[in-house]
Number of protein chains: 2
Amino acid sequence: MAVTIKDVAKRANVAPSTVSRVIANSSRISEKTKERVREAMKELGYHPNFNARSLANKSTKTLGIVMPNSAKIAFQNPFFPEVIRGISMKAYQEGYGLYLSTGQTEEEILEEVEQMVYGGRVDGILLLYSRVNDKVMPFLIEQNFPFVLIGRPYNIDEDQVTYVNNDNFKAAKTVTEYLMLLGHERIGFIGGNLNFVVTIDHMKGYEQALSNANIPLRKDYIVHHEELQEGGQDAVIELMSIEQRPTALIVADDIMTFGVLKMLADMNVKVPGDMSIVSFNNVMISELSSPTMTTVDIHIYELGFEATKCLIGKINEPNFSVKKVIVPHKLVKRESCK
Amino acid sequence: MAVTIKDVAKRANVAPSTVSRVIANSSRISEKTKERVREAMKELGYHPNFNARSLANKSTKTLGIVMPNSAKIAFQNPFFPEVIRGISMKAYQEGYGLYLSTGQTEEEILEEVEQMVYGGRVDGILLLYSRVNDKVMPFLIEQNFPFVLIGRPYNIDEDQVTYVNNDNFKAAKTVTEYLMLLGHERIGFIGGNLNFVVTIDHMKGYEQALSNANIPLRKDYIVHHEELQEGGQDAVIELMSIEQRPTALIVADDIMTFGVLKMLADMNVKVPGDMSIVSFNNVMISELSSPTMTTVDIHIYELGFEATKCLIGKINEPNFSVKKVIVPHKLVKRESCK
DNA sequence: GTGAAAGCGCTAACAC
DNA sequence: GTGTTAGCGCTTTCAC
């Protein structure tokens with residue numbers, strides 16, 4: 001059996017509670033006793049038991065990370081690793097551990113979240129997606145459980161949730177305007193899954209920019225796809241089959257853009273000569289495409305970092321006021337636009 | 001306060017222990033009582049507390065995932081998301097949760113692992129890397145703590161550790177032979193960090209193949225780089241500066257190959273016309289490069305899945321015999337070789 | 001088949 | 001400043 005607080009107490013000739021106080025570094029313990037106790041801990045090789053502590057404390061010092069169908073599509077996208085990197089950094093700084101959701105379907109995920117909450121597995125939750133008709137967020141709100149959303153709540157009172165997001169509407173609008181400034185009027189839009197709020201925001205920004213410029217919206221210029229790699233390729237086929245082809249493309253995601261570039265190359269359409277492309281995210285490999293892609297850097301790492309900061313704040317201050325953090329984006333101009 | 005086993009017991013007119021047995025679905029409880037208890041649980045909205053259970057049980061039903069400096073380099077590589085996808089799947093199937101390491105340096109990671117082990121945070125550990133002079137593995141062995149390595153132990157008695165790996169030596173050898181069959185004799189090698197065992201194995205396979213073919217090894221054809229994206233590009237500069245340039249390249253990682261392709265394109269070196277390339281991993285976007293890359297599919301998902309299977313086996317059967325699992329690899333021929 | 005009670009290792013009143 | 005003690009919510013002997 002492992003060495004416990006009691007063993008240490010005996011060894012140091014103090015009460016268990018004193019040892020506990022030394023662990024917590026209570027100011028009410030004299031330096032002398034602290035030293036004595038610490039020495040005893042060293043000698044015996046004492047290490048606190050997390051479960052006991054969590055049970056007594058009702059605090060686990062771990063954060064739950066909830067991803068959309070964790071195993072299937074999510075992880076194909078470098079967005080998630082990168083956002084977790086940001087989370088990880090802040091969590092480590094603050095002494096928190098990370099617990100990962102593993103469910104595949106929406107139901108499984110909801111079940112897992114319930115376990116995390118009811119089972120006292122985590123102190124707070126980071127929601128890495130925001131989906132239309134999501135069940136998880138309403139549950140968390142109803143339970144009044146600390147959580148932070150990366151993204152934007154949809155069909156839910158914004159005042160009820162703390163979230164960290166980009167201004168995706170504006171980003172898409174800017175990007176569209178940028179293409180128009182370059183002289184493009186026939187701008188195609190390759191969006192992601194319409195169940196994700198980010199997709200909706202992108203589309204609205206695109207529409208708004210066109211409308212402001214009095215360019216009529218063409219439904220056939222808009223294609224949505226869930227799959228990242230094939231998605232991009234399929235979309236290109238659709239768009240290039242239109243009689244009056246677009247001269248520029250806005251693509252939801254850099255990874256998709258790889259597929260788009262590939263397909264265009266196969267079709268012998270030159271980028272940026274015959275087709276300009278701009279996309280979103282600026283993941284690491286975005287600068288490794290040929291041509292390198294112009295894309296919106298959404299500062300993924302920061303999204304994770306900030307969200308974690310908010311969450312830990314919420315956990316520590318019970319009546320932490322609801323907060324919205326908008327992480328700025330930045331258009332990174334490379335070679336794919338003309 | 002949440003509803004506990006006692007509340008359920010009262011409601012169902014049984015003892016707490018009975019409720020516990022119903023949860024465990026003990027065969028010694030009559031169907032009638034089971035029904036009654038379950039109904040009470042439903043009515044009260046009972047959910048078991050994990051920490052209490054773990055404390056009493058000495059089992060957490062969670063697995064620790066340990067990555068090399070989690071936040072920095074690791075996650076840039078799609079290898080990790082993909083292997084976690086495999087882990088995640090098996091873990092979910094078996095009712096295990098996942099706990100992620102967040103440390104940045106080797107020391108931090110060792111500390112975290114100690115916490116996981118001593119603190120009873122996890123039932124077992126998945127080591128996602130195998131590094132020369134690693135401290136974590138010796139610790140785990142010394143503690144006799146259940147763990148499975150993805151990769152191959154180095155400088156450690158193989159009989160002491162269960163591991164899941166590819167035959168990286170053979171893969172590299174095959175790949176080299178493949179290039180030689182295509183007529184290449186001047187084959188460059190762009191390897192990863194030499195502290196990782198996989199790099200060593202790749203190199204040995206490469207050397208062996210050359211030696212078998214009586215082609216002298218040229219040190220200047222071998223370059224190592226840690227960074228995935230710039231790494232590839234830097235390496236190309238080095239190799240292309242050699243008077244007698246290689247005509248083929250073996251690259252440690254698909255992501256690196258993106259950098260290599262980019263740089264070669266910039267230098268106006270045609271692939272596969274002037275240079276053949278083959279790399280390792282076959283991550284999702286590997287089929288989206290131009291030209292598409294020939295690469296060794298190492299079945300990353302399976303590595304994670306199998307390792308998790310082994311680990312859970314080890315956890316459940318105390319004297320589970322040490323096991324080595326070699327996941328087969330497969331050369332995926334695409335357009336980058338000639 | 002079911003109940004009573006001890007105990008997992010720790011924290012936090014409450015005493016002194 | 002430090003000790004005593006009662007839990008935290010669950011499992012698991014040991015009775016009956």
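Note on naming: letters A, B, ... go to the chains in the order of the sequence lines (proteins, then strands), and numbering restarts at 1 for each one. All figures in this text were calculated on a predicted structure; none of them were measured in a lab.
- The residues A/K309 and A/E306 are annotated as salt-bridged, a charged nitrogen and a carboxylate oxygen being separated by less than 4.0 angstrom.
- Checked for salt-bridge contact, B/E82 and B/R85 meet the test: a charged N lies under 4.0 Å from a carboxylate O.
- The NZ atom of B/K61 sits 13 Å away from the P atom of D/dT11 (whole-angstrom rounding).
- Considering only side-chain N and O atoms, A/K58 lies under 4.0 angstrom from the phosphate OP1 or OP2 of D/dG9.
- Taking only side-chain nitrogens and oxygens, B/T33 never comes nearer than 4.0 Å to OP1 or OP2 of C/dG1.
- Per the geometry, CZ belonging to A/R28 stands 12 Å off P belonging to C/dC14, to the nearest Å.
- The nearest whole Å value for the distance from the CG atom in A/N51 to the P atom in D/dT11 is 13 Å.
- Using a 4.0 Å heavy-atom criterion, one finds that B/S54 contacts no nucleic acid atom at all.
- Taking atom CZ of B/F50 as the reference point, atom C1' of D/dT11 lies 15 Å away to the nearest angstrom.
- Heavy atoms of other residues, nucleotides or ligands lying less than 6.0 angstrom from NZ of A/K323 number 12 at most.
- In this structure, A/S26 and B/L55 both approach DNA chain D, and ranking their closest nucleotides by distance from the 5' end singles out A/S26.
- The shortest distance between the side-chain N/O atoms of A/R21 and the OP1/OP2 oxygens of D/dG1 is not below 4.0 Å.
- Set against D/dT11, D/dC14, D/dT2, the side chain of B/A56 has D/dT11 as its closest nucleotide.
- You'll find the ring centres of B/Y118 and B/F139 inside the 6.0 Å limit.
- Regarding contacts with the backbone of D/dG9, every side-chain N or O of A/Y118 stays at 4.0 angstrom or more from both OP1 and OP2.
- Listed by first and then second residue, the salt bridge (charged side-chain N to carboxylate O under 4.0 Å, His left out) pairs involving residues 92-105 of chain A are A/K90-A/E94 (not counting sequence neighbours).
- One interatomic measurement links the two molecules: CD of A/E35 to P of D/dG1, which rounds to 16 Å at whole-angstrom precision.
- Whole-Å rounding puts the A/K32 NZ to D/dT2 C1' distance at 15 Å.
- Backbone-only engagement by A/Y46 is indicated by non-hydrogen atom pairs under 4.0 Å involving sugar-phosphate atoms exclusively.
- More than 12 heavy-atom neighbours from other residues, nucleotides or ligands sit within 6.0 angstrom of CG on B/D157.
- For A/R53 and C/dT11, a side-chain-to-base donor-acceptor distance below 3.5 Å is absent, hydrogens and geometry of angles not being considered.
- Using a 4.0 Å cut-off on heavy atoms, the residues of residues 7-20 of chain A that approach DNA chain C are A/S17, A/S20, listed by number.
- Rounded to a whole Å, the CG atom of B/N57 is 17 Å from the P atom of D/dG9.
- When rounded to the nearest whole Å, the span between CG of B/N49 and P of C/dC8 equals 18 Å.
- Comparing C/dC14, C/dC10, D/dT11 by their nearest atom to the side chain of B/I5 picks out D/dT11.
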Subject >> Steps toward side chain to side chain donor-acceptor pair (under 3.5 Å) verdict (B/Y92, A/E112) >> reply: CA-CA 10 Å; B/Y92 186 84; A/E112 275 188 294; 5.8 Å; no
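- In this model, a donor atom of one side chain and an acceptor atom of the other lie less than 3.5 Å apart for B/S30 and B/T33.
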